[in-house]
Amino acid sequence: MNHADLLERTHYCTEITHLEPGTTIRVAGWVRKRRDLGNLVFIDLYDRSGILQVVFDPVRNPDLVVLAQEMKRESVLTVEGTISMRPDEAVNQSMKTGRIELIASRVKLHSTSRVPPFHLIGDQEVNEELRLKYRYLDLRRSEMFRILSVRHQTYQVVRKFYSDNGFIEVTTPHLIRSTPEGARDFLVPSRLYPGRCYALPQSPQILKQILMIGGVDRYFQIVKCFRDEDSRADRQPEFSQIDVEMSFVTRDTLFRIHEELMAVVYREVLGIEIQTPFPRMTYSDALVDYGSDKPDIRFDLKLRDATDVLAGSGYQLTEDAIRNGGGVRGVVYPGGAGLSRKQIGDLERIVRSRGPGGLITFKTGDGGELTGSPLGKHLEPERRLQLVQRFDARPGDLICLAAGGFEETAWALGDLRLEIARRGNMTGDSLKFLWVIDFPLFEYVPQESRYQAMHHPFTAPLAQDENLLDSNPALCRAQAYDLVLNGVELGGGSVRIFREDLQCRIFKALGLTKQEAENRFGFFLEALRYGTPPHCGIAFGMDRLIMMLAGTDNLRDVIAFPKTLQAACLLTNAPSPATSEQMKMLGLKSLIENSGKKETT
RNA sequence: GGGGACGUAGUUCAGAUUGGUUAGAACGUCGGCCUGUCACGCCGAAGGUCGCGAGUUCGAGUCUCGUCGUCCCCGCCA
């Protein structure tokens, strides 16, 4: 019985548990599964809320049974029926609607479906390539809707929070002028100006600062950003940021506001209370203690320096490192003395990939004695004891040492520290927020023999380091900060430069001539001359924040239509070749014979 | 730009170390039976360019080279 007038639902499938048995309702959705017992037919109907069992009973409605028996998976229906309590023996405890069912009385079959190319139910892992190609089917899985829902709630909470705090959301353009430094730009060729291009924003950085000069005072935006760099599991070429800028406030006020933002988001979205204020750590301490600029402080495992203990041992690896101005640092692997040679080899590979020539490991015995490294032979009992004490190593632990320059050993041991914690399941389920502050203003690029801005070139130096700008830029620290959660960088920002003279000194330290600075940032330098308020800002990776909230480790899962690692969209087959007409209109000529790789179908 | 893993039925995977008859399983699909199922059950059937292309060989899913695609990492990502 196809009832043409049946379309709109009165309830979502699972939002009926409060209704009285006997109530007539209409639900609409997809056939997830059919169980045909010959005459009696059950259909699991689902919509975004979940599953409801619909009963087609030959006694009450024999015509409907025939229809139900032909119903394919993923067919689309509206069903009218009455809510009924299930017989006691037929109650399904594992379903939200397991105590009730819908006795169908009228049904409209809206559309049918081909057999889906992958299983929409069950725990079976599905090839992500297929999921992305048939994203609309993937999105029908309840887990995907849950994540979309978390994302939606986060957007609402964030917008309300800023609005309540006097921020206004301003939309900035996506077709902007390319400003060098930073990531590779996505370019959009101009038709009206053949040969010229717009760039898609890597972030609205300069525009939001100009909004401050424009007196907006408190700005925010949830905005798409584009960076033409290689992807990672936690990086997409196109991503969303919560972008913020505010005038006439200190860094501490910005911190307080955003601690509150995180608290509100976790409270409203997940019902979790988090503790504020967040601890702060300097970049320098982070590197020394954790070998990272985004330390995961859910566990301790601090790095320790053992240079003084080992100096003069006569062991070549460590002696060379110390002679070359480096040192020996290490981290302890609790209970790691039982590791096999192969397992230790895996650890060594992590260290080597960051630079140090090798990993020196000592197993701590019951009596505190050390075994397992040729370095041991070079150490007097006194020094061995010092080493054990330096690392607070207990019997059964493994002391892991790396020798080399400070930075390379720090980063290497930082990676090792994370691996040790991962293997030891040491992270628990806590949420550890952390501000990392006082980043270096510049980093040296050896290949180009010049400095480049670590954050971006509009970041203010620490006041007390300003005099280092000309004399020793490498030591100059910035008023830049990152917010880190459980070792994941959620966002970062800085106090900005608002004086033209200081901005010019920065450009000079970056090796830009007056002319070059004028060419690249002239409009911005001009703006700075017209009364710029002291201001600061921050930007959060919206997708990463949602990853954390949703508890997934794949950024693609929190984006409705993500790109692959090769920056392709498998659903739409973007990018696609431009037609010769399009190219001509834009004044472009391709150097590639067939406009690149073949398009897949 | 570099390194690594993977690609076999619609899906998830075996088969590859040792090249050799007709490439298997589960789920799904199709047909039949079944009135309380919910991983329904029972009986039966169909379904394969072993990603693609070369090469070695009497013979290649298996070995070699190339290529395409997906994932992971380094570089890169102010």
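All heavy atoms count here, side chains included; hydrogens, waters and symmetry mates do not.
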If you take any heavy atom closer than 4.0 Å to RNA chain B, which residues from residues 229-245 of chain A end up in contact?
Glu229(A), Asp230(A), Arg232(A), Ala233(A), Arg235(A)
Between Phe439(A) and Tyr283(A), how do the two ring planes meet: parallel, tilted or perpendicular, split at 30° and 60°?
tilted
What distance do Ile100(A) atom CD1 and Asn92(A) atom CG have between them, rounded to the nearest 0.5 Å?
12.0 Å
Is the ring pair Phe540(A)/His258(A) parallel, tilted or perpendicular, if the boundaries are 30 and 60 degrees?
tilted
Report the distance from atom CG of Leu120(A) to atom C1' of U29(B), rounded to the nearest whole Å.
15 Å
Using the P atom in both, what is the distance from U21(B) to A16(B), to the nearest Å?
13 Å
Starting at the 5' end of RNA chain B, which residue's closest nucleotide do you reach first, Thr564(A) or Arg544(A)?
Thr564(A)
Regarding C38(B), can its base be found pairing with the side chain of Arg86(A) as donor and acceptor, where the two atoms are less than 3.5 Å apart?
yes
Give Glu101(A) one of three labels, base, sugar-phosphate or nothing, depending on what nucleic acid heavy atoms sit under 4.0 Å from its own.
base
Please give the nucleotide sitting opposite G69(B) as a Watson-Crick or G-U wobble pair, both distances under 3.5 Å, or none.
C6(B)
Taking only side-chain N and O atoms of Arg35(A), does any of them lie within less than 4.0 angstrom of OP1 or OP2 on U37(B)?
no
Identify, between Gln205(A) and Ala568(A), the residue whose nearest nucleotide on RNA chain B lies closer to the 5' end.
Ala568(A)
Should Arg349(A) be listed as having a side-chain N or O under 4.0 Å from OP1 or OP2 of G4(B)?
no
Rounded to whole Å, please give me the gap between CD in Glu70(A) and P in C30(B).
12 Å
Answer yes when Lys563(A) and Glu128(A) have at least one side-chain N-carboxylate O distance shorter than 4.0 Å, and no when they do not.
no
Rounded to the nearest Å, what distance is computed from the CG atom of residue Leu565(A) to the P atom of nucleotide C6(B)?
17 Å
In whole angstrom, give the distance that lies between atom CG of Asp557(A) and atom P of C71(B).
12 Å
Check this for me: does the side-chain of Gln566(A) come within 3.5 Å of the base of U70(B) through a donor and an acceptor?
no
Applying a 3.5 Å limit to both distances, which nucleotide forms a Watson-Crick or G-U wobble pair with G75(B)?
none
Residue matched to U11(B) through Watson-Crick or wobble contacts both under 3.5 angstrom:
A26(B)
Whether Lys33(A) and Asp44(A) form a salt bridge (side-chain N of Lys/Arg under 4.0 Å from carboxylate O of Asp/Glu) is what I want to check.
no
On a whole-Å scale, what distance lies between the P atoms belonging to A26(B) and A14(B)?
16 Å
For Arg32(A), which contact category applies under a 4.0 Å heavy-atom criterion: base, sugar-phosphate, or nothing?
nothing
Atom P, compared across C50(B) and U57(B): separation rounded to whole Å
22 Å
For nucleotides G53(B) and G7(B), find the distance between their C1' atoms and express it as a whole number of Å.
15 Å
Rounding to a whole Å, what distance do you find between Asp293(A):CG and C77(B):P?
14 Å
Centroid-centroid distance, Phe239(A) to Phe226(A), less than 6.0 Å:
no
Value in whole Å for how far the P atom of C74(B) lies from CG of Asp415(A):
8 Å
For Glu129(A), report the nucleic acid contact type (base, sugar-phosphate, nothing); a contact means any heavy atom under 4.0 Å.
sugar-phosphate
By the 4.0 Å heavy-atom rule, please label Ser203(A) as base, sugar-phosphate, or nothing.
base
For Asp185(A) and C76(B), give me the distance from atom CG to atom P, rounded to whole Å.
18 Å
Please work out whether the ring planes of Tyr136(A) and Tyr134(A) are parallel, tilted or perpendicular, with thresholds of 30° and 60°.
perpendicular
Answer yes or no: does a side-chain N or O of Lys33(A) lie under 4.0 Å from OP1 or OP2 of C40(B)?
yes
Roughly how many Å apart are U64(B) and G1(B), using the P atom of each and rounding to a whole number?
25 Å
Heavy atoms under 4.0 Å, any strand shown: does Val41(A) hit a base, just sugar-phosphate, or nothing?
nothing
Charged tip of Arg32(A) within 45° of Tyr46(A) ring normal and under 6.0 Å
yes
Is it the case that C38(B) (base atoms only) and Asp44(A) (side chain only) share a donor and an acceptor within less than 3.5 Å, ignoring hydrogens and angles?
no
Base, sugar-phosphate or nothing for Lys72(A)? Non-hydrogen atoms, less than 4.0 Å.
sugar-phosphate
What nitrogen or oxygen pairs link the protein and nucleotides 10-15 of chain B at under 3.5 Å?
residue : atom : partner   : partner atom : Å
G10(B)  : O2'  : Pro117(A) : O            : 2.9
G10(B)  : N2   : His119(A) : NE2          : 3.1
U11(B)  : O2'  : Gln124(A) : OE1          : 3.4
U12(B)  : OP1  : Asn127(A) : N            : 2.8
U12(B)  : O4'  : Gln124(A) : OE1          : 3.4

Just call it for Met454(A): base, sugar-phosphate, or nothing, with non-hydrogen atoms closer than 4.0 Å on any strand.
sugar-phosphate
Heavy-atom closest pair (Leu287(A) atom, Ala410(A) atom, distance to 0.1 Å) is O-CB, 3.7 Å
Just the rounded figure in Å: distance from P of U37(B) to CZ of Arg99(A).
16 Å
G20(B) pairs with, by Watson-Crick or G-U criteria that keep both distances under 3.5 Å:
C58(B)
If we take the C1' atom in both U62(B) and G51(B), what is their distance in whole Å?
16 Å
Is the distance from the ring center of Phe56(A) to that of Phe42(A) below 6.0 Å?
no
Just jot down the side chain to side chain contact (heavy atoms under 4.5 Å, CB included) partners of Thr513(A), sequence neighbours excluded, or say none.
Gln515(A), Glu516(A)
A5(B) versus G10(B) - spacing of their C1' atoms, nearest Å:
25 Å
Going by purine N1 to pyrimidine N3 plus the second Watson-Crick contact, or the G-U wobble pair, all under 3.5 Å, which nucleotide sits opposite C38(B)?
none
Check the pair Gln221(A) / Thr172(A) against side-chain hydrogen bond (donor to acceptor under 3.5 Å, both in side chains), numbers first and verdict last.
CA-CA 8 Å; Gln221(A) 184 181 191; Thr172(A) 52; 3.1 Å; yes
Kindly indicate, with the supporting measurements, whether the criterion side chain to side chain contact (heavy atoms under 4.5 Å, CB included) is fulfilled by Glu74(A) and Val31(A).
CA-CA 5 Å; Glu74(A) 302 306 315; Val31(A) 173; over 6 Å; no
Work out how far the C1' atom of G47(B) is from that of G24(B), and round it to whole angstrom.
13 Å
